[in-house]
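The figures that follow rest on heavy atoms only: side chains count, while hydrogens, waters and symmetry mates do not.
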Amino acid sequence: MIEIVDEEKLKEKVEEYLRSLQEKGFRITSQRRLIVETILQNWDKHPNVRELLDLIQEKDPSIGLATIYRTVELLVEMGFLHEVNLDEGFSRFEVSRKDIHFHLVCRGCGKVVHLEDEDQKSQVAEEWAQDMGFTLLPQSIELFGVCHECLEKGFDPSRMPQRECRCRRRRRMHRGLM
């Protein structure tokens, strides 16, 4: 787990990320540094890009949304961030802690819980993928359900509207059907 508890640890992590970007040939700008710092300061909040924009513009109002998007996309490509999709219509991001990270997401209240024993669950997923001839990439996996509290309050999962499978939609888009 990447828990950042003090200013010194934060500085070390920021420098580690920036050094890796520089080694890959990317420029280190004051804007990029501030974006990385803000992401690492909020490592446990799963922020979306709009939330990052608000946090970053408190410190430097000149940094725009496009700059944040480009930097976040770069950090995802390099494996420093995982993209998390909670079916909200936008992505959230979290600092990568492991190659595969699991979330349980309640469809009733939106609560997000991290699964315990991730190493064991990751190993099962990797073995399954290997059996099918695949090598898994670093990622965040969201499992949707209904939490105990929502069930006790009378939330009925059978009355939820069915959501379209994103993979099916993506295939139709590739075929030019949408």
Side-chain angles (χ1 to χ4, degrees), residues 1-105 110 112-115 118-119 121-123 125-126 129-130 132-143 166-167 169-171 173-174 176 178:
M1 190 173 201
I2 182 179
E3 196 165 336
I4 298 172
V5 290
D6 62 28
E7 201 64 31
E8 191 60 37
K9 179 103 171 152
L10 173 67
K11 286 180 184 177
E12 288 174 21
K13 271 296 184 195
V14 168
E15 293 307 318
E16 176 187 328
Y17 280 38
L18 295 175
R19 194 172 34 257
S20 293
L21 288 170
Q22 196 167 31
E23 288 170 3
K24 297 281 185 183
F26 296 100
R27 287 184 354 187
I28 304 307
T29 63
S30 60
Q31 291 179 326
R32 193 166 272 162
R33 177 179 294 279
L34 182 57
I35 293 167
V36 169
E37 276 177 14
T38 303
I39 289 169
L40 290 172
Q41 286 168 338
N42 295 279
W43 68 270
D44 59 339
K45 294 184 177 68
H46 302 89
N48 63 44
V49 174
R50 277 278 174 207
E51 291 167 340
L52 284 172
L53 176 69
D54 292 342
L55 292 166
I56 290 165
Q57 286 190 338
E58 287 176 12
K59 300 171 188 171
D60 183 350
S62 72
I63 297 178
L65 194 57
T67 302
I68 296 170
Y69 266 113
R70 284 191 301 272
T71 302
V72 165
E73 188 175 278
L74 178 61
L75 293 171
V76 169
E77 287 175 17
M78 292 188 67
F80 290 126
L81 293 180
H82 283 299
E83 189 169 352
V84 180
N85 185 332
L86 303 179
D87 269 355
E88 298 171 296
F90 53 84
S91 295
R92 293 187 172 276
F93 299 91
E94 78 176 341
V95 175
S96 299
R97 296 183 281 179
K98 300 182 182 285
D99 285 341
I100 299 176
H101 181 60
F102 296 89
H103 299 97
L104 285 173
V105 183
V112 178
V113 178
H114 295 129
L115 290 181
E118 277 194 334
D119 291 336
K121 290 168 181 68
S122 294
Q123 184 177 354
E126 288 171 9
Q130 285 176 350
M132 301 303 289
F134 280 75
T135 299
L136 293 181
L137 301 173
Q139 61 191 292
S140 175
I141 299 171
E142 293 76 43
L143 302 170
R166 287 188 298 269
C167 62
R169 182 172 186 268
R170 193 175 307 130
R171 276 195 297 267
M173 288 172 59
H174 287 294
M178 287 191 96

With sequence neighbours left out, write down each residue that passes side-chain hydrogen bond (donor to acceptor under 3.5 Å, both in side chains) with [X], or none if nothing qualifies.
X    : result
Q130 : none
E83  : S91
Q22  : none

Atom pair [atom1]/[atom2] of [X] and [Y] - distance to nearest 0.5 Å:
X   : Y   : atom1 : atom2 : result
N48 : F90 : CG    : CZ    : 4.5 Å
K11 : L40 : NZ    : CG    : 14.0 Å
T38 : I63 : OG1   : CD1   : 7.5 Å
R50 : Y69 : CZ    : OH    : 7.0 Å

Do [X] and [Y] come within less than 4.5 Å of each other through their side chains, counting heavy atoms only?
X   : Y   : value
L75 : V95 : no
F93 : V49 : yes
L18 : L21 : yes
E51 : K45 : no

Nearest atoms (heavy-atom pairs only) where [X] meets [Y]:
X   : Y   : answer
E37 : L10 : O-CD1, 4.2 Å
G64 : L53 : C-CD1, 4.1 Å
L52 : P47 : CD2-CG, 3.9 Å

According to the interplanar angle, ranging from 0 to 90°, do the rings of H46 and H103 count as parallel (below 30°), tilted (30 to 60°) or perpendicular (above 60°)? perpendicular

List in chain and number order the residues that pass ring-ring contact (aromatic ring centres under 6.0 Å, His included) with F102, two or more places apart in sequence or in another chain; answer none if no residue qualifies. none

For residues 24-35, run the donor-acceptor check on the side chains, cut-off 3.5 Å, and write out each pair with its distance to 0.1 Å, sequence neighbours left out.
| from | atom 1 | to | atom 2 | distance (Å) |
| --- | --- | --- | --- | --- |
| T29 | OG1 | R32 | N | 3.0 |
| R32 | NH1 | R27 | O | 2.7 |
| R33 | NH1 | E15 | OE2 | 2.5 |

Can E16 and K13 be counted as an ion pair, charged N to O under 4.0 angstrom? yes

Using the salt bridge (charged side-chain N to carboxylate O under 4.0 Å, His left out) rule, collect all pairs that involve residues 54-79, keeping only residues at least two apart or in two chains. none

